[in-house]
Visitor: 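If you scroll down you'll find the structure; I have some questions about it.
Order of listing sets the numbers, starting from 1, for every ligand and every atom in it.
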Amino acid sequence: MSTLLISGSDTDAGKTVVTSALLAYQQKYLAHQRWAICKPLQSGMGDGEHYQRSFELTQPLETVNPLRFQEPLAPPIAALQEGKTIDLGLAWQTLQMLQQSHEQVLLEGVGGLGSPLTRELTVADLARDWRLPTVLVIPVRLGAIGQAVANVALARQAGVTLRGIVLNCVEPRTAEQIANWAPIDLLQALTQVPILGMLPYLEDWSNLDRLAVAAKQLNLELLLSKTSMPTAIAGV
Ligand SMILES: Nc1ncnc2c1ncn2[C@@H]1O[C@H](COP(=O)(O)OP(=O)(O)OP(=O)(O)O)[C@@H](O)[C@H]1O
Ligand SMILES: C[C@H](N)[C@H](N)CCCCCC(=O)O
Ligand SMILES: [Mg+2]
């Protein structure tokens with residue numbers, strides 16, 4: 001059994017698209033395995049609905065989004081506006097239940113690695129406390145290098161075990177833009193974490209075959225490996 005947290009540098013970085021590509025890959029090429037998806041805290045509409053609509057899930061549907069908030073805001077702000085408290089224990093129990101019945105659990109984070117889950121904890125804190133190997137989704141745009149360096153530094157400081165970075169083309173990109181905005185050698189030199197590949201811009205990312213083929217281009221061996229170097233060690 002293993003769990004992977006798909007986090008990123010920001011909201012709209014492409015966490016859902018990358019997670020969907022991994023799930024599509026499993027359903028096409030590893031159909032004998034049982035994988036589960038969980039977005040433990042969801043604010044606003046979209047992700048959980050997408051997963052339930054697009055995939056044949058083998059898990060109870062209520063485990064996709066254990067905690068939900070109406071407003072598309074940071075969970076502690078949305079919860080306050082709804083007069084709700086955030087019980088991470090419920091999310092933890094859901095994850096443990098999924099881990100006991102699935103070979104792989106894909107956990108989608110909220111916003112970026114530094115985004116708040118409660119008034120005390122960020123996504124990075126949860127990744128550390130729950131010992132979640134984490135991948136950072138970084139959108140390919142001017143500024144990608146700075147976002148990668150900043151979020152790897154946050155992961156290192158928080159004690160998060162980073163599997164690496166997945167670059168993601170949230171909009172159509174030329175080869176020149178990709179080379180200039182997200183140069184692999186410079187990214188690896190400055191962050192000291194592996195670049196696990198890039199997801200191209202997909203016109204129709206609801207097409208599971210296209211998502212599965214795109215996922216095949218990623219370094220799945222490292223991404224889904226059972227062991228990984230904690231960032232602190234990798235960064236020495
Ligand atoms: N590789 C891609 N190909 C095509 N469109 C993409 C791709 N990645 C992202 N997008 C576009 O960017 C939008 C945001 O991506 P996505 O929903 O995956 O972000 P997210 O990080 O999951 O956001 P949130 O923080 O809301 O969960 C998508 O709805 C889609 O329109
Ligand atoms: C609504 C959106 N899609 C996300 N679910 C919530 C992102 C919260 C980000 C908060 C922040 O880091 O400032
Ligand atoms: Mg998402």
Visitor: Hey, are the side chains of L107 and L4 touching, using non-hydrogen atoms and a 4.5 Å cut-off?
Guide: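 Counting from C-beta outward, L107 and L4 never come under 4.5 Å.
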
Visitor: Taking atom NZ of K216 as the centre, report whether more than 12 heavy atoms of other residues, nucleotides or ligands fall under 6.0 Å from it.
Guide: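 Open: at most 12 neighbouring heavy atoms sit under 6.0 Å from NZ of K216.
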
Visitor: Quick check for you: within a radius under 2.8 Å, how many protein N, O or S atoms neighbour the Mg ion (ligand 3)?
Guide: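 Count of protein N, O, S atoms less than 2.8 Å from the Mg ion (ligand 3): 3.
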
Visitor: Quick one: salt bridge (charged side-chain N to carboxylate O under 4.0 Å, His left out) partners of D204, sequence neighbours excluded?
Guide: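 Result, salt bridge (charged side-chain N to carboxylate O under 4.0 Å, His left out) vs D204: none returned.
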
Visitor: Relative to the ring of H50, is the ring of F55 parallel (under 30°), tilted (30 to 60°) or perpendicular (over 60°)?
Guide: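 F55 and H50: perpendicular rings.
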
Visitor: Which of these, T118, V123, L88, L126, sits in a side chain to side chain contact (heavy atoms under 4.5 Å, CB included) with L41?
Guide: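 With L41 as partner, T118, V123, L88, L126 yield a single side chain to side chain contact (heavy atoms under 4.5 Å, CB included), made by L88.
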
Visitor: Could you tell me if E49 and Q42 have a donor-acceptor pair between their side chains, going purely by distance under 3.5 Å?
Guide: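 Note: Q42 and E49 side chains meet the donor-acceptor criterion.
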
Visitor: Around atom CD of E203, are there more than 12 heavy atoms of other residues, nucleotides or ligands at under 6.0 Å?
Guide: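 Atom CD in E203 is not crowded, with 12 or fewer foreign heavy atoms closer than 6.0 Å.
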
Visitor: Strictly by modelled atom types, are T16 and D47 linked by a side-chain donor-acceptor pair under 3.5 Å?
Guide: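 Yes - a donor-acceptor pair under 3.5 Å links their side chains.
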
Visitor: To the nearest 0.5 angstrom, please state how far the CD1 atom of I195 sits from the CD1 atom of I165.
Guide: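 Output value for this atom pair is 4.0 Å.
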
Visitor: Tell me which residues fall inside the under-4.0 Å heavy-atom shell around ligand 1.
Guide: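 Protein residues near ligand 1 are T11, D12, A13, G14, K15, T16, V17, K39, D47, E108, G111, N168, C169, V170, P200, Y201, L202, W205.
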
Visitor: Do Q104 and S2 meet the criterion of a side-chain donor-acceptor pair at a distance under 3.5 Å?
Guide: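 Yes, because at least one side-chain N or O of Q104 sits under 3.5 Å from a partner of the opposite role on S2.
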
Visitor: To the nearest 0.5 Å, what is the distance between OG (S225) and CG (L220)?
Guide: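 So the gap between those two atoms works out to 11.0 Å.
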
Visitor: For Q70, look at atom CD and say whether over 12 heavy atoms of other residues, nucleotides or ligands are found less than 6.0 Å away.
Guide: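 Atom CD in Q70 is not packed in, count stays at 12 or less.
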
Visitor: Atom CZ of residue position R68 - does it have more than 12 heavy atoms of other residues, nucleotides or ligands inside 6.0 Å?
Guide: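 Result for CZ/R68: enclosed.
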
Visitor: Could you check ligand 2 for N or O atoms lying under 3.5 Å from protein N or O atoms and list the pairs with distances?
Guide:
residue: ligand 2; atom: 5 (N); partner: S43; partner atom: OG; Å: 3.3
residue: ligand 2; atom: 12 (O); partner: S115; partner atom: OG; Å: 2.7

